[in-house]
Amino acid sequence: MKLTRQDRAALWSAFRRMRLREKVEYIFTYFRLPIFLTVAALAVVGSLVYQRVTRKEPVLYAAHINVSAGEDLEGRLGDGFVAALGRDPKRAEVYLYRALYLSDSPSQEDHQYSYASRLKVTSAIEAKQLDVALMDRKGYDILSHSGYLLPLSELLDGDPALRERLDPLLTANTVVLEDNAIEYQLGEADRYEAETREEVNALELSTLPLFDQAGFSQRVYLGVIANTPRADMALAYLSYLSSAPAEAAAEQEA
């Protein structure tokens, strides 16, 4: 029911005569729903604005597979690269998928973790949100055999100077072109057969200054994902990793 001007004036006069506690109770009783909706709307808007202001733009998507870089090296691999690009680490980042574990024959305890990691990796690749992978030999074998890694000749042919610098680090692995794995697993084939080829599709990084003193107990490799839409940025990342000195700390936020 719409109130007349006289009714509104009477209510306002009565409200002004109330004590503070009575005013609070009156407002809570009659206006709590509009107040709640307003506060909720402001909270949603504030959250969206905050996320937009603080969100960093990914310049590259990276995964650490079966390796842990440690906080210091991770900073050099992330913010250090962003700073080397001349970008502000407050506004841009190397988006990192951490603690992924891949294995062809995981133990019973690790099976679920390995399966979840494999799903995460394949989903990121299909979404074109994975560009490079830092990995141990086991992870390297799995990605190479699956055909997920880009032949580095395709990436380096346009930069002969970088190709010459990286040549001692280039590593070849097997790529499975076609096999009967499903039939073999189902018992429909007596033996596993596969058509394969060798591809130079990773860098062995262990001897680089940035990695030599990083404390890895085994060799580490870096591969570029075959369907990356950021090939130029991946190439810049290879150049950065091969030239960054061990003692150079990544530029951090001011």
Over 12 foreign heavy atoms within 6.0 Å of [atom1], [X]:
| X | atom1 | answer |
| --- | --- | --- |
| Asp157 | CG | yes |
| Glu71 | CD | no |
| Glu164 | CD | no |
| Glu178 | CD | no |

Which value, rounded to the nearest 0.5 Å, describes the distance between [X] atom [atom1] and [Y] atom [atom2]?
| X | Y | atom1 | atom2 | value |
| --- | --- | --- | --- | --- |
| Ser103 | His111 | OG | NE2 | 10.5 Å |
| Glu57 | Glu93 | CD | CD | 9.5 Å |
| Leu208 | Ser243 | CG | OG | 9.5 Å |
| Asp212 | Ser206 | CG | OG | 8.5 Å |
| Leu170 | Leu156 | CG | CG | 6.5 Å |
| Leu60 | Tyr237 | CG | OH | 6.5 Å |

Take Leu238 and Leu203 through the side chain to side chain contact (heavy atoms under 4.5 Å, CB included) test and state the conclusion after the steps. CA-CA 9 Å; Leu238 299 186; Leu203 301 177; 3.8 Å; yes
Ionic contact status for Asp159 with Arg163, cut-off 4.0 Å: no
Is there a donor-acceptor contact under 3.5 Å from the side chain of Ser144 to the main chain of Thr174?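 Yes; judged by distance alone, with no hydrogens or angles, the pair exists.
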Expected output: side-chain Thr122 to main-chain Leu119 donor-acceptor under 3.5 Å: yes
Any side-chain heavy atom of [X] sitting closer than 4.5 Å to one from [Y]?
| X | Y | answer |
| --- | --- | --- |
| Pro229 | Asp131 | yes |
| Arg98 | His64 | no |
| Ile225 | Lys128 | no |
| Arg118 | Ile142 | yes |
| Phe211 | Leu73 | yes |
| Val175 | Glu198 | no |
| Tyr115 | Ser117 | no |
| Asn173 | Glu199 | no |

Give the intermediate values and the outcome of side chain to side chain contact (heavy atoms under 4.5 Å, CB included) for residues Val59 and Leu85. CA-CA 10 Å; Val59 297; Leu85 293 174; 4.2 Å; yes
Contact summary for [X] and [Y], nearest pair of heavy atoms:
| X | Y | answer |
| --- | --- | --- |
| Gly139 | Asn66 | N-ND2, 3.6 Å |
| Leu102 | Lys138 | O-CD, 3.4 Å |
| Arg219 | Glu204 | CB-OE2, 3.8 Å |
| Asp179 | Ala194 | CB-CB, 3.6 Å |
| Tyr221 | Ala202 | CB-CB, 4.5 Å |
| Leu155 | Ala231 | CD1-O, 3.6 Å |

Sequence-distant partners of Tyr95, ring-ring contact (aromatic ring centres under 6.0 Å, His included), two or more places apart: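 Tyr95: ring-ring contact (aromatic ring centres under 6.0 Å, His included) contacts with Tyr61, Tyr97.
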Passes side chain to side chain contact (heavy atoms under 4.5 Å, CB included), Leu77 versus Val94? Steps please. CA-CA 8 Å; Leu77 299 177; Val94 173; over 6 Å; no
Given the rule that I, L, V, M, F, W and Y join up when any side-chain heavy atoms are under 4.5 Å apart, are [X] and [Y] in one cluster?
| X | Y | answer |
| --- | --- | --- |
| Ile65 | Leu152 | no |
| Tyr113 | Met135 | no |
| Leu205 | Leu149 | no |
| Leu210 | Leu222 | yes |
| Val121 | Leu150 | no |

Does one side chain, of Tyr148 or Asn227, offer a donor that lies under 3.5 Å from an acceptor on the other?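 The criterion, which ignores hydrogens and geometry beyond distance, is not satisfied for Asn227 and Tyr148.
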So, Ser239 and Arg165: side-chain donor and acceptor under 3.5 Å apart, yes or no?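 Result is yes, a qualifying pair exists.
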Test side chain to side chain contact (heavy atoms under 4.5 Å, CB included) on Glu74 and Ser68 and set out the steps. CA-CA 9 Å; Glu74 190 175 296; Ser68 177; over 6 Å; no
